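First comes the structure, then the notes that go with it.
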Number of protein chains: 2
Amino acid sequence: MDHSVRRQAMDRAAGPAAEAAGAAAPPSPTARAVSGSAGLCPVRVAAEVLTRPVRRRGKELESAIFAATLDQLTSGGYARLTMEGVAAAARTGKAALYRRWASKVELVIDALDSTLPRPHGIPDLGSARGELLQLIEVFAEAMNSSAGSALHALMGELSHQQAEVFKDFIVQRVIEPTKDTILDILRRGAERGDVRPDAATPMVADVVPAMFLYQVKICGRENVAPDYAVRMVDDVLVPLIRA
Amino acid sequence: MDHSVRRQAMDRAAGPAAEAAGAAAPPSPTARAVSGSAGLCPVRVAAEVLTRPVRRRGKELESAIFAATLDQLTSGGYARLTMEGVAAAARTGKAALYRRWASKVELVIDALDSTLPRPHGIPDLGSARGELLQLIEVFAEAMNSSAGSALHALMGELSHQQAEVFKDFIVQRVIEPTKDTILDILRRGAERGDVRPDAATPMVADVVPAMFLYQVKICGRENVAPDYAVRMVDDVLVPLIRA
DNA sequence: CTGTTTGTGAACGCAAGCGTTCCTTAAGGT
DNA sequence: ACCTTAAGGAACGCTTGCGTTCACAAACAG
């Protein structure tokens, strides 16, 4: 994500104002923040303000923005996510968002891409059941993360006409790697002998992401249940693929 | 859905205005519609206006409102659906909507409830495969309807905190009847001998709705493919449940 | 210290949508 | 024909959010 063009545009806009900087400094933002915190202990707030930096820059600010973005995605979905709301939740200004991201779409994809764990393959454990179980456990752990929750919310956008960019992201970033791993497991198991030879089909590989999608969407699990992996493997996957 | 309380409230508001109706009638709405249609053939438009009724009442108007609602749900999702947009698409006024429905939620649920086909069981066809195949075909046909498309869009709301009413509707109206039918088929097949005795579990029954959800959400099928039922039954369901 | 970069908060003009109200009149029933 | 009901269109005041701009100043680098 290259922000250099946008940064230059914002710099040109700020240039004349920087030259016009005046001599008298108004009250600092920190003092204003204290006066606005009527419901908090004034002593505590003042101590916090004096001991920690008030402004974040660069990566630290982006982390806060990403966290706010995922939170808004999770609680209200993509359509209700607003740049204004994200800026407020991250305690920053809209200008700081627009310096980096031209649109809501870019922000959301960047936030997810930066926080979702990277998929990796499952090693040969000697049995298809063991491998499928580890895969499902790893997948469940990812789905239980805040990025996973936000990803569920984003799936609500996939029905809509403007959703190609989200679909591409989810398919390439999450679904295809998972299916590739499943097909690897099945092919290995077929060679080993504990998987029936015709089990390694795309539709069989679809069952795992499908069941996860269903679990979070219909069964309403904010967190995938701890025994879900075992039950899914033993009730569905092993009967489906065994030799 | 009882509108009598709302209807009385709207009538009271309209009462004094009806009494104050004046003597001079301004130009009729139809004449205004003609003058606003600069891009159309004036002769054609005038002929249409004169030969078809301008106003719909009762069920006919509700049908138009429901169609507009489903269309907006499908194209933009629940969050982007607006009462104003539905009214405009149905060529009616907002007041006509609010006479009937207190909120967007009520409108959407009524629209879906009124247009979704009612589920019914699958008869004993002598083989679990045949029964599952018929079930999947019936289900696919329902999902290919406009109400089915709108239902997919509504599933995007299920991640959100205010979504209990939608989830209840979808689970009770669509998911549970489907699962009940599947479990019936599996139990019958187990007695008959072509289904393994421990196949009739809730998780196995989840596979069908899960695969459909996945199909429309991730694989991007606006219409479920014609051969999907056969492939799903033969690649996944029959290997999963057979004795 | 100076100069540059960038964060924070506020404000702007505009757009869209809400829920309500009002007026006119089409549609339906007697 | 008359009366009642309810539809259609417009307008209202209010709220929220957009994308942009600006002033001030914190943070950083040399």
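Computed from heavy atoms alone, side chains included, the values below leave out hydrogens, waters and symmetry copies. In this text the structure is predicted, and so the values were computed from the model without any measurement. In the text below, chain A, chain B and the rest are named by the order of the sequence lines, each starting its count at 1.
- The residue B/G85 sits apart from the nucleic acid: no heavy atom pair falls under 4.0 Å.
- Take the nearest nucleotide of DNA chain D for B/K94 and for B/G58: the residue whose nucleotide is more 5' is B/G58.
- Using a distance-only test at 3.5 Å, with no hydrogens or angles considered, no donor-acceptor pair links the side chain of A/K94 to the main chain of A/A87.
- With A/L70 as the partner, the side chain to side chain contact (heavy atoms under 4.5 Å, CB included) test is satisfied by one option alone out of A/V86, A/T115, A/L81: A/T115.
- Closest approach of B/A210 to A/Y214, counting heavy atoms only: CB-CB, 3.4 Å.
- Distance CZ (A/R99) to C1' (C/dG7): 8 Å, rounded to an integer number of Å.
- Atom CH2 of B/W101 is separated from atom C1' of C/dC18 by 18 Å (rounded to the nearest Å).
- Nucleotide C/dT6 holds its C1' atom 10 Å from the CG atom of A/L61, rounded to whole Å.
- Here the C1' atom of nucleotide D/dA25 and the CZ atom of A/R56 are 16 Å apart, to the nearest Å.
- Between A/T92 and C/dT8 there is a side-chain polar atom (N or O) within less than 4.0 angstrom of OP1 or OP2.
- Comparing A/L81 and B/G93 by the nucleotide of DNA chain D whose heavy atom lies nearest to each, the residue mapping closer to the 5' end is B/G93.
- Taking only side-chain nitrogens and oxygens, A/R100 comes nearer than 4.0 Å to OP1 or OP2 of C/dG7.
- Rounded to whole Å, the distance from CG on B/L107 to C1' on C/dC18 is 15 Å.
- Atom pair A/M83:CE and C/dC14:P shows a separation of 22 Å (rounding to whole Å applied).
- Under 3.5 Å, the side chain of B/R55 and the base of C/dT25 form at least one donor-acceptor pair of N or O atoms.
- For A/R173, the salt bridge (Lys or Arg N to Asp or Glu O under 4.0 Å) partners two or more places apart in sequence, or in a different chain, are A/D113.
- Between A/E84 atom CD and C/dT8 atom P the separation is 16 Å, expressed in whole Å.
- A/Y78 has its OH atom 14 Å from the C1' atom of D/dG17, to the nearest Å.
- With sequence neighbours excluded, no residue satisfies side chain to side chain contact (heavy atoms under 4.5 Å, CB included) with A/E141.
- With hydrogens and angles ignored, a donor-acceptor pair under 3.5 angstrom links the side chain of B/R57 to the base of D/dT5.
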